[in-house]
Amino acid sequence: MNYTVINREMHVGDIYLTAVTSSSIFLIGDADIINLASAFDTPPESLIIGPFVPLTPKGS
Amino acid sequence: MKRLSIVQYINSKTFLLSSVFQIGDSKEINARSKVLAVQRQHELFFGSEGEELFPVFTKPIPKLDISAPDNIYRLHESPVLSVRSVYLIAASTAAVVHIGSTSTVNGETRIKHIRQLADQPSSPPPSVPQTAARITKEE
């Protein structure tokens, strides 16, 4: 399969951004490959109500 | 061939935690961040926390292994990509703000977010941890 892209004129006015975070990218330009991944873990037990104890992951 | 990026005005306040503000072309971007965010109702920190890894920091993330197809034809009728202005407050945690072209971007972020609240809303913070209770993680 042949894939043709024609990029015509691109003129952008004003961009208002609050924040770019967590390995994200804000790109004004061309790129060949963009590969972004994210893992966010906040399971039910991540909200702990009780005595303050040190965090200890499994297996230790 | 890549286009020329023109930005007339940029106003940004803060770049923190390994963020990059890049003006000009680049070839490869590898952005990595790992965050252990612990919020406690009381001001309390046990020094050794975070030294052992949670699975979220080690588990492999399935990746789409794609390469640039060679039968793609890009025709840039206009060789310019222009932006009048950018107002950005902050970039954080290995974020990249890039004016110019690049080839490969690889980004990965892993966040573990834990909140700890006291049993009674008004109980004072214990000066030493009283129990040896453990918070265990599923695999």
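Just so it is clear: chains get the letters A, B, ... in the order the sequence lines come, proteins before strands, and each one is counted from 1. In what follows, every heavy atom counts, from backbone to side chain, and hydrogens, waters and symmetry copies are set aside.
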J.: Please determine, among A/V20, A/I34, A/L36, A/I6, the option with the most heavy-atom pairs under 4.5 Å with chain B.
T.: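 Ranked by heavy-atom pairs under 4.5 Å with chain B, first place is A/V20.
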J.: Without swapping roles, check the side chain of B/R110 against the backbone of B/P55 for a donor-acceptor pair under 3.5 Å.
T.: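 Answer holds: no.
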J.: If you count heavy-atom pairs under 4.5 Å between each of A/S22, A/S24, A/G29 and chain B, which one has the most?
T.: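 With the most close heavy-atom pairs to chain B, the winner is A/S22.
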J.: For B/R32 and B/N106, which heavy atoms make the closest approach, and how far apart are they?
T.: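 Answer, listing the atom of B/R32 first, then B/N106: NH1-O, 3.6 Å.
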J.: Can you pull out the residues in residues 9-18 of chain B with any heavy atom less than 4.5 Å from chain A?
T.: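 From residues 9-18 of chain B, none sit under 4.5 Å of chain A.
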J.: Most heavy-atom pairs under 4.5 angstrom with chain A, which of B/S92, B/P79, B/A31?
T.: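 Heavy-atom pair counts peak at B/S92.
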J.: If you define the side chain from C-beta out and look only at heavy atoms, does anything of B/V97 sit under 4.5 Å from B/V20?
T.: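 A side-chain contact is absent here, since even the closest heavy-atom pair is not under 4.5 Å.
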J.: Which residue out of B/G100, B/A94, B/S85 racks up the most heavy-atom pairs below 4.5 Å with chain A?
T.: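 So the answer, after comparing B/G100, B/A94, B/S85, is B/S85.
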J.: Less than 4.5 Å to any heavy atom of chain A: does that hold for the side chain of B/T102, its backbone, both, or neither?
T.: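 Contact with chain A involves both backbone and side-chain atoms of B/T102.
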J.: Apply side-chain contact (heavy atoms from CB on, under 4.5 Å) to A/S38 and list each qualifying residue two or more places apart in sequence or on a separate chain.
T.: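 Partners of A/S38 under the side-chain contact (heavy atoms from CB on, under 4.5 Å) test: B/T109.
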J.: Checking B/L81 against chain A: side chain, backbone, both or neither under 4.5 Å from a heavy atom?
T.: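 Both parts, backbone and side chain.
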J.: Identify which of A/T4, A/V12, A/L27 forms the greatest number of heavy-atom pairs closer than 4.5 Å to chain B.
T.: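 Greatest number of close heavy-atom pairs with chain B: A/V12.
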J.: State which residue, out of B/R74, B/R3, B/K2, fulfils the side-chain hydrogen bond (donor to acceptor under 3.5 Å, both in side chains) condition with A/D30.
T.: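 The single option meeting the side-chain hydrogen bond (donor to acceptor under 3.5 Å, both in side chains) with A/D30 is B/R3.
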J.: Can you check whether B/L36 reaches B/F57 side chain to side chain, under 4.5 Å on heavy atoms?
T.: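 Result yes, sub-4.5 Å side-chain heavy-atom pair found.
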J.: Not counting sequence neighbours, which residues clear side-chain contact (heavy atoms from CB on, under 4.5 Å) with B/Q8? List them please.
T.: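 Testing B/Q8 for side-chain contact (heavy atoms from CB on, under 4.5 Å), a comparison that skips the adjacent residues, returns B/R84.
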J.: Decide yes or no on side chain to side chain donor-acceptor pair (under 3.5 Å) for B/E28 and B/N30, but give the supporting numbers first.
T.: CA-CA 7 Å; B/E28 195 180 328; B/N30 257 300; 3.1 Å; yes
J.: My understanding is that only residues two or more places apart in sequence, or in another chain, count here; which of them pass side-chain contact (heavy atoms from CB on, under 4.5 Å) with A/F40?
T.: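 Partners of A/F40 under the side-chain contact (heavy atoms from CB on, under 4.5 Å) test: A/T42, B/I111, B/H113.
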J.: Mind listing the closest non-hydrogen atom pair of B/S101 and B/D25 along with its distance?
T.: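 Looking at all heavy atoms of both residues, the shortest contact is N-OD1, 2.9 Å.
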J.: Most heavy-atom pairs under 4.5 angstrom with chain A, which of B/V105, B/V35, B/T93?
T.: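 Winner by heavy-atom pair count: B/V105.
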J.: In terms of heavy-atom pairs under 4.5 Å with chain A, which of B/S82, B/S78, B/S5, B/A91 leads?
T.: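 Top count of heavy-atom pairs under 4.5 Å with chain A: B/S82.
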